[in-house]
Amino acid sequence: DAIAGPGDIVDWLAVDQALTQLAEKDPASARVVELRLFSGLGVEQIAQVCGSSTATVGRQWRFARAWMAAQLETDDNEADRAG
């Protein structure tokens, strides 16, 4: 349920850059990612921390995952072309 699956190699610099870009576009979704990935909170706990509904947090998480995955894929493709 995270950005990467078990056994995946994670480029944390790329994740940080994508998260920074997401924060500029949608700060609330970026906060959900931070709480989920780095604090290990679940949807209900994040909803309490952020004062949101679980449905809203769920939507923000799904959006953020899709958006960040697209950003990271774009970064990978650009690196492949440059290499």
Side-chain angles (χ1 to χ4, degrees):
D1 204 26
I3 300 295
D8 287 349
I9 296 173
V10 178
D11 181 348
W12 287 108
L13 180 58
V15 171
D16 180 61
Q17 290 171 342
L19 187 56
T20 298
Q21 292 172 351
L22 178 60
E24 293 171 6
K25 179 179 182 60
D26 188 343
S29 292
R31 180 75 175 138
V32 168
V33 172
E34 290 170 348
L35 291 170
R36 188 83 187 242
L37 290 183
F38 304 117
S39 297
L41 298 180
V43 171
E44 290 182 10
Q45 294 165 316
I46 294 170
Q48 288 178 336
V49 168
C50 294
S52 299
S53 70
T54 57
T56 296
V57 170
R59 280 189 300 274
Q60 290 168 326
W61 174 243
R62 287 187 301 275
F63 166 75
R65 279 184 47 186
W67 190 90
M68 289 188 65
Q71 291 299 114
L72 294 171
E73 184 176 307
T74 299
D75 290 348
D76 283 346
N77 289 338
E78 288 174 4
D80 288 344
R81 283 193 298 271

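All figures in this text were calculated on a predicted structure; none of them were measured in a lab.
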Could you measure the distance from the [atom1] atom of [X] to the [atom2] atom of [Y]? Nearest 0.5 Å is fine.
| X | Y | atom1 | atom2 | answer |
| --- | --- | --- | --- | --- |
| R65 | S29 | CZ | OG | 13.0 Å |
| M68 | F63 | CE | CZ | 11.0 Å |
| W61 | L35 | CH2 | CG | 10.5 Å |
| T20 | K25 | OG1 | NZ | 15.0 Å |

Q) Is any side-chain heavy atom of V33 closer than 4.5 Å to a side-chain heavy atom of W67? A) no
Q: Answer yes if L19 and L13 sit in the same cluster of Ile, Leu, Val, Met, Phe, Trp and Tyr residues linked by side chain heavy atoms under 4.5 Å apart, and no otherwise.
A: no
(Q) A28: which residues meet the side-chain contact (heavy atoms from CB on, under 4.5 Å) condition with it, sequence neighbours left out? (A) D26, Q60
What is the minimum heavy-atom distance between [X] and [Y], and which atoms define it?
| X | Y | result |
| --- | --- | --- |
| L22 | A64 | CD2-CB, 3.7 Å |
| A23 | A30 | CA-CB, 3.6 Å |
| L41 | R36 | O-CD, 3.3 Å |

For residues 45-53, which side-chain N or O atoms pair as donor and acceptor with protein atoms under 3.5 Å away, sequence neighbours left out?
| residue | atom | partner | partner atom | Å |
| --- | --- | --- | --- | --- |
| Q45 | OE1 | G42 | N | 2.8 |
| S53 | OG | T56 | N | 3.0 |
| S53 | OG | T56 | OG1 | 3.0 |

